[in-house]
2 protein chains.
Amino acid sequence: MSVDLLVEKIKAKGNPSVAGLDPKLDYVPEYIKKKAYAEYGKNLKGASEAIWEYNKGLIDAIYDVVPAVKPQSAFYEMYGLYGEEVMHRTISYAKEKGLYVILDVKRNDIGSTAEAYSKAYLGKVDVDGEAYDACPVDCITVNPFPGSDGVKPFIEDCKKYDKAIFTLVKMSNPSSGEIQDLISDGEHVYEKIARYVNKWNSDTIGKSGYGAVGAVVGATYPEQAQVLRKLMPESYFLVPGYGAQGGGAEGVKSCFNSDGLGAIVNSSRGIMCAYKKGNYKEEQFAEAARAEAIRMKDDLTSVL
Amino acid sequence: MSVDLLVEKIKAKGNPSVAGLDPKLDYVPEYIKKKAYAEYGKNLKGASEAIWEYNKGLIDAIYDVVPAVKPQSAFYEMYGLYGEEVMHRTISYAKEKGLYVILDVKRNDIGSTAEAYSKAYLGKVDVDGEAYDACPVDCITVNPFPGSDGVKPFIEDCKKYDKAIFTLVKMSNPSSGEIQDLISDGEHVYEKIARYVNKWNSDTIGKSGYGAVGAVVGATYPEQAQVLRKLMPESYFLVPGYGAQGGGAEGVKSCFNSDGLGAIVNSSRGIMCAYKKGNYKEEQFAEAARAEAIRMKDDLTSVL
């Protein structure tokens, strides 16, 4: 009922970062695609198998550097059932390698439907008395728009199965303010959500001092992060927007607590496409990813 | 670039309702489950195949009564890859039967990730120059929490591929007000979102007079529906909360325009579990679903 496992892995690796696995096809080296298309066809299956080879290479290169990976489900769903299967394969492989897996699904719905999503990813699926894992991960992202009803089923499974969630609070994109920055009763909507997150989190605190209900807080808005850090002192922050989206280490500093914990910073394109910068051949994509993951770790730890 | 196809089907059947396909396992008749478990095992595969038989029976019974079906992805994702496969099979079957398919996924993310979701369900997936359908449906539901950035990729595909979306505006569950009913500048958040929807919708209007960007508006809050109807005169409303969730035909009346169009009312449990009420044997689940679909149609059209 906490993020203790994540905190352990962060401490063990001395690295508060997560590698996003958002495998756009134009990130994948040509030689990998060529081989996959030759074997499976230039189709949804071929694309999915290319993504699998790429993901496997990335995981092999970084699993001892980063504590966690974050597959983004959209980039698997877009290849239909083949893509979904590769997402499952990627999750299993990352877990075998000892990585904490945050599945970025941003699921949301009302009560009983939220329950179904929660069972799919965090809980167990009951088939008339037999319990099964459908797509088990350590943690997922959740959209809080439906309110408490929609979030509570996830929290229940966090408690029951020792899992965690990150709730969207303030996103990193330019238009995130349209709803999230509206002011109501002298407070931004993202602050209101932060108060809910803090409340939901309060009875899930583990031995690390952090609870199961974390928050997505964009690195692109450091001043807001500072406010949010105070409103949710015991919630872990998942921080997108480092690197490619513009936020640097100084920008994400305010997402951390004074103990140097409390946040995990995501980089997707920065790590996955590191081979496209500098003097790398595409065959060196994994080596380049590893170098960038180490550079990012050093960059982050230098400000903490 | 509109909901013209949906309006055509609604007019042809004289029925502004959609049958939700949210196949919880305890909705499925025992004899169907018994058979599926015997053939595939009492496991995720067996559960998925039972759901398929049930869905097929329901679709066969109601396809000439209702214009549309709305599978809820949570209840397929929870059975993992087997469930996903049955969701794809259900979608294909419903389309073969001439039904308009609204996939209830409530997807949401920032720019390029929203694009990936959109390609998965509304657009085409590009595999180095070859275009494929991943999971093609007529329409999906979208969560607007990330703001315009996150919604526009879906709208682009609506324009390009003649599809539609329903954006969450005001949901039907008790806690939906926690974010959606907050007041900012003298207006509820759901009204603010409605203004965005109306703007996004404005250059997608088809010959029916309705555009591609619809709104989810809960039947449980009729007064709010009245306000929202005025704010989004050219948007179709997807209305959950009829029947099982408490809203009756009178309650949903305010979701319609004076032309008797502008809304499609969902019933999931009411139709799927009709055999559990009255003097039905479970083998008559399809017959009962048909009777309830017809009763609902008569109930709705009586107030229009």
Side-chain angles (χ1 to χ4, degrees), chain A residues 22 24-25 33 37 42-44 46-47 72 74-75 77-81 83-85 88 106-114 116-117 119-120 125-130 132 134-135 143-150 168 171-180 182-184 189 192-193 196, chain B residues 22 24-25 33 37 42-44 46-47 72 74-75 77-81 83-85 88 106-114 116-117 119-120 125-130 132 134-135 143-150 168 171-180 182-184 189 192-193 196:
Chain A
D22 309 12
K24 294 186 195 176
L25 212 46
K33 289 196 280 189
Y37 297 159
K42 199 199 243 191
N43 50 35
L44 298 177
Q72 165 52 257
F75 295 106
E77 284 179 52
M78 73 182 285
Y79 301 104
L81 294 172
E84 300 272 3
E85 197 270 317
H88 282 242
K106 296 186 176 63
R107 295 298 191 262
N108 66 103
D109 216 299
I110 65 171
S112 63
T113 309
Y117 278 131
K119 285 175 185 167
V125 177
D126 175 67
V127 180
D128 278 294
E130 312 282 332
Y132 290 95
C135 182
N143 183 316
F145 189 73
S148 302
D149 292 355
L168 301 180
M171 296 173 79
S172 61
N173 58 313
S175 73
S176 65
E178 288 174 8
I179 294 174
Q180 298 156 35
L182 289 174
I183 293 176
S184 180
V189 167
K192 301 260 183 211
I193 301 172
Y196 279 111
Chain B
D22 309 11
K24 293 185 195 175
L25 212 48
K33 290 197 279 190
Y37 296 159
K42 198 198 242 192
N43 50 34
L44 298 177
Q72 164 53 257
F75 295 107
E77 284 178 52
M78 72 182 284
Y79 302 104
L81 294 171
E84 301 272 2
E85 197 271 315
H88 282 241
K106 297 185 176 64
R107 293 300 190 263
N108 65 103
D109 216 299
I110 65 171
S112 64
T113 309
Y117 278 131
K119 285 174 184 166
V125 177
D126 175 65
V127 180
D128 277 295
E130 312 283 331
Y132 291 94
C135 182
N143 183 316
F145 189 72
S148 301
D149 292 353
L168 301 180
M171 297 173 79
S172 61
N173 57 313
S175 72
S176 65
E178 287 174 6
I179 294 174
Q180 298 157 35
L182 289 174
I183 292 177
S184 181
V189 167
K192 302 262 182 210
I193 300 172
Y196 279 111

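Any value given below was found using the heavy atoms of this structure, including those in side chains, with hydrogens, waters and symmetry copies removed. A, B, ... follow the sequence lines: proteins, then strands. Residue 1 opens every chain.
Residues A:M78 and B:Y132 are not in side-chain contact: their nearest non-hydrogen atoms beyond the backbone lie 4.5 Å or more apart.
At a 4.5 Å heavy-atom cutoff, the contact between B:K192 and chain A is made by side-chain atoms alone. Of the two parts of B:N43, the backbone and the side chain both hold a non-hydrogen atom closer than 4.5 Å to a non-hydrogen atom of chain A. Contacts of B:E84 with chain A are made by both backbone and side-chain atoms, with heavy-atom separations under 4.5 Å. Contact of A:E85 with chain B is made through backbone and side chain together, with heavy-atom distances under 4.5 Å. Interface residue A:I193: only side-chain heavy atoms are found under 4.5 Å from chain B. At a 4.5 Å heavy-atom cutoff, the contact between A:D128 and chain B is made by backbone and side-chain atoms alike. Proximity to chain B involves both the backbone and the side chain of A:L81, based on heavy atoms less than 4.5 angstrom apart.
When each of A:E130, A:K106, A:K33 is scored by its heavy-atom pairs under 4.5 Å with chain B, the top score falls to A:K106. Considering only heavy-atom pairs separated by less than 4.5 Å from chain B, the leading option among A:A134, A:G80, A:G129, A:S175 is A:S175. Contact tally against chain B (heavy-atom pairs below 4.5 Å) for A:I179, A:N143, A:I183: the top residue is A:N143. Ranked by heavy-atom pairs under 4.5 Å with chain A, the first of B:S148, B:A47, B:G150, B:S176 is B:S148. Among the candidates B:K24, B:M171, B:K119, B:K42, the residue making the largest number of heavy-atom pairs closer than 4.5 Å to chain A is B:K42. With chain A as the partner, the residue from B:L25, B:V189, B:L44 showing the most heavy-atom pairs under 4.5 Å is B:L44. In terms of non-hydrogen atom pairs under 4.5 Å with chain A, the most contact-rich of B:G46, B:A114, B:P144, B:C135 is B:P144. Looking only at heavy-atom pairs under 4.5 Å with chain B, the residue among A:F75, A:Y37, A:Y117 that has the most is A:Y117.
The backbone N or O of B:G111 sits nowhere less than 3.5 Å from a side-chain atom of A:N173 that would complete a donor-acceptor pair. Using modelled atom types, no side-chain atom of B:S184 and backbone atom of A:S184 make a donor-acceptor pair closer than 3.5 Å. Here the side chain of B:Q180 pairs a donor or acceptor atom with the backbone of A:F145 at under 3.5 angstrom.
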